[in-house]
Amino acid sequence: MSIIIHEALRAYIDPLTEHEYAALERSILTEGCRDALVCWGEVLIDGHNRYAICQRHNLPYKIVQNDNFETIEDVQLWMIDNHLARRSVSDFQRGMLALRKKEIIVNRMKAQEEQAPPEQAESEVAIPVIKPTQSRQEIARLAGISSSAVVQIEKIQKTAAPELVQAVRDGTISISAAAAVASLPSNEQVAAVAGGRKELQQAARQVREKVREQKTPAKPAPPSPAIQPEEESVSHAPALDEVAALRQQVLSLQAENTDLQSQIAALKAQLAA
């Protein structure tokens, strides 16, 4: 049968790295294509790399049909679940796939709500509702990663430059470090990626330190010495004036005492005469 390559489906799952593709090619050349290709009608939905390798080397392969889908979105959901079941998928890829699944389901729910006729909403017959995966805890459980990793992947998905996203996929930088670097302007992210692993780690460290400094409360300034009011600064003036007055009074008394002694001496002289 002829096989049709749907480009959107082929690109929906992250491609293998050069190392992974080379390892798969060696395995197929040695052992043959052990896993069958999966098709939806004539459209290939699983095994794009195996198909390309077999075509290049003119090797035989098996095909199995899966006709349980109605739309491309059904196929995408199946592809997501299929890849999440594989052990070789990285944590970053798992998080991205789980977020894609959430987006598809949420959009479906919105479309169903918009298309539902008014009388259906008033019907007394209970209609089962499929709740979409919304919370980060549910997404983390689906992907098999932590909730904090989901938050970081969401940040990378929204603000990271394509070069930084590729660096995470290649394992050049961790998810947490990439989330930190994603806070920088796009041109600084690209420059950090071009600098290699050490430059990326340094950029992530600087961002974290800056965030830590912003969160640390500033130390209170030391209390300035109390400024004495003007009346206090001159409070000693009256005391100085009193001392001067007392000294003047003492001098006056001493003068009076001397004068009295002179008068006493004169009276004694008159009496003696």
Student: Can you tell if the side chain of Arg208 reaches within under 4.5 Å of the side chain of Ser176, non-hydrogen atoms only?
Tutor: yes
Student: Would Ile13 and Tyr21 show up in the same hydrophobic cluster when neighbours are defined by side-chain heavy atoms closer than 4.5 Å?
Tutor: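 No, it is not one cluster - the side chains of Ile13 and Tyr21 are not joined through contacts under 4.5 Å.
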Student: Calculate, to the nearest 0.5 Å, the distance between atoms CD1 and CD belonging to Ile105 and Glu103 respectively.
Tutor: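 Ile105 atom CD1 to Glu103 atom CD measures 11.0 Å (nearest 0.5 Å).
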Student: For the backbone of Leu164 and the side chain of Gln189, can you confirm whether one donor and one acceptor N or O come within less than 3.5 Å of each other?
Tutor: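 Side chain of Gln189 to backbone of Leu164, a donor-acceptor pair under 3.5 Å: no, none is there.
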Student: Group every Ile, Leu, Val, Met, Phe, Trp and Tyr by side-chain heavy-atom contacts under 4.5 Å, then state whether Val207 and Ile173 land in the same group.
Tutor: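 Looking at the clustering, Ile173 is in the same group as Val207.
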Student: I'd like to know whether CD of Glu31 has more than 12 heavy-atom contacts from other residues, nucleotides or ligands below 6.0 angstrom.
Tutor: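 Yes.
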Student: Measuring from Ile156:CD1 to Lys158:NZ, what's the distance to the nearest 0.5 Å?
Tutor: 12.5 Å
Student: Return the OG1 to CD distance between Thr30 and Glu25, rounded to the nearest 0.5 Å.
Tutor: 10.0 Å
Student: In the structure I gave you, are the side-chain heavy atoms of Ile72 and Trp40 within less than 4.5 Å of one another anywhere?
Tutor: yes
Student: Leu37 and Gly47: which non-hydrogen atoms are nearest, and at how many Å?
Tutor: CD2-O, 3.5 Å
Student: Go through it in stages, so that I can follow the logic: the residues are Asp46 and His83, the test is side-chain contact (heavy atoms from CB on, under 4.5 Å), and I'd like the CA-CA distance, side-chain angles, deciding distance and then a yes or no.
Tutor: CA-CA 10 Å; Asp46 183 61; His83 278 73; 4.2 Å; yes
Student: Tell me whether Val38 is reachable from Val75 by hopping between hydrophobic residues (I, L, V, M, F, W, Y) whose side-chain heavy atoms are closer than 4.5 Å.
Tutor: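 Linked within one cluster.
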Student: Any donor and acceptor pair, going by atom type alone, linking the side chain of Arg94 with main-chain N or O of Leu84 inside 3.5 Å?
Tutor: yes
Student: If we only count heavy atoms from C-beta on, is the Gln152 to Lys155 side-chain gap below 4.5 Å?
Tutor: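 Of all side-chain heavy-atom pairs linking Lys155 with Gln152, none is under 4.5 Å.
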Student: With rounding to the nearest 0.5 Å, note down the distance linking NZ in Lys102 to CD1 in Ile104.
Tutor: 13.0 Å
Student: Let's go through Lys215 and Arg212 carefully: what are the C-alpha distance in whole Å and the side-chain angles of both, what is the deciding distance for side-chain contact (heavy atoms from CB on, under 4.5 Å) to 0.1 Å, and is it a yes or a no?
Tutor: CA-CA 5 Å; Lys215 290 183 178 180; Arg212 194 178 301 113; 5.9 Å; no
Student: Using 0.5 Å steps for rounding, measure from the CG atom of Asn82 to the CE atom of Met79.
Tutor: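 One gets 8.5 Å once the value is rounded to the nearest 0.5 Å.
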Student: Check for a donor-acceptor pair, side chain of Glu20 on one end and backbone N or O of Thr17 on the other, with a separation under 3.5 Å.
Tutor: yes
Student: Search all heavy atoms of Ile80 against all heavy atoms of Lys101 and return the closest pair with its distance.
Tutor: CD1-N, 3.7 Å
Student: What's the separation between atom CD in Gln76 and atom CG in Leu97, rounded to the nearest 0.5 Å?
Tutor: 11.5 Å
Student: Membership question, hydrophobic clusters at under 4.5 Å side-chain separation (ILVMFWY): are Ile45 and Ile53 in the same one?
Tutor: no
Student: Is the NZ or CZ atom of Arg10 positioned over Tyr51's six-membered ring, under 6.0 angstrom from the centre and within 45° of the axis?
Tutor: no
Student: Check whether any side-chain heavy atom of Leu9 sits under 4.5 Å from a side-chain heavy atom of Leu44, and report yes or no.
Tutor: no
Student: In terms of hydrophobic clustering (I, L, V, M, F, W, Y; side-chain heavy atoms under 4.5 Å; direct or indirect links), are Leu59 and Leu16 co-clustered?
Tutor: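 Leu59 clusters together with Leu16.
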Student: With a 4.5 Å heavy-atom cut-off, do Ile3 and Ile63 have their side chains touching?
Tutor: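 In contact.
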Student: Taking all non-hydrogen atoms of both residues into account, name the closest pair between Cys33 and Cys54 and its distance.
Tutor: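 Nearest heavy atoms, Cys33 then Cys54: CB-SG, 3.7 Å.
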Student: Should Gln202 and Lys198 count as side-chain neighbours, where that means a heavy-atom distance under 4.5 Å?
Tutor: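 Heavy-atom side-chain distance check fails, nothing below 4.5 Å.
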Student: Please name the pair of heavy atoms, one in Leu184 and one in Ala203, separated by the smallest distance, quoted to 0.1 Å.
Tutor: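 What the structure gives for the nearest pair is CD1-CB, 4.2 Å.
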Student: Around atom CD of Glu18, are there more than 12 heavy atoms of other residues, nucleotides or ligands at under 6.0 Å?
Tutor: no
Student: Minimum heavy-atom separation for Gly95 and Ile145, please, with both atom names.
Tutor: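 Where Gly95 meets Ile145 most closely, the heavy atoms are CA-CD1, 3.8 Å.
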Student: Side-chain contact, heavy-atom cut-off 4.5 Å: Val43 with Phe69?
Tutor: no
Student: Between the main-chain N or O of Ala36 and the side-chain N or O of Arg50, is there a donor-acceptor pair closer than 3.5 Å?
Tutor: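 Indeed, once roles are kept as given, a pair shorter than 3.5 Å links the two residues.
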Student: Is the side chain of Arg100 donor-acceptor paired with the backbone N or O of Tyr12 at a distance under 3.5 Å, no angle test?
Tutor: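 Here the side-chain-to-backbone pair exists.
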Student: What heavy-atom pair brings Leu99 and Ile153 nearest, and what distance separates the two atoms?
Tutor: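 In this case the closest contact between Leu99 and Ile153 is CD1-CG2, 3.8 Å.
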Student: Ignoring hydrogens and geometry, is there a side-chain-to-backbone donor-acceptor pair from Gln65 to Gly41 under 3.5 Å?
Tutor: yes
Student: Can you tell me if Asp74 uses its side chain to pair, donor with acceptor, with the backbone of Thr71 under 3.5 Å?
Tutor: yes
Student: Is the closest basic N to carboxylate O distance between Arg86 and Asp35 below 4.0 Å?
Tutor: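 No, Arg86 and Asp35 are not salt-bridged.
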Student: Is any side-chain heavy atom of Arg108 closer than 4.5 Å to one of Leu77?
Tutor: yes
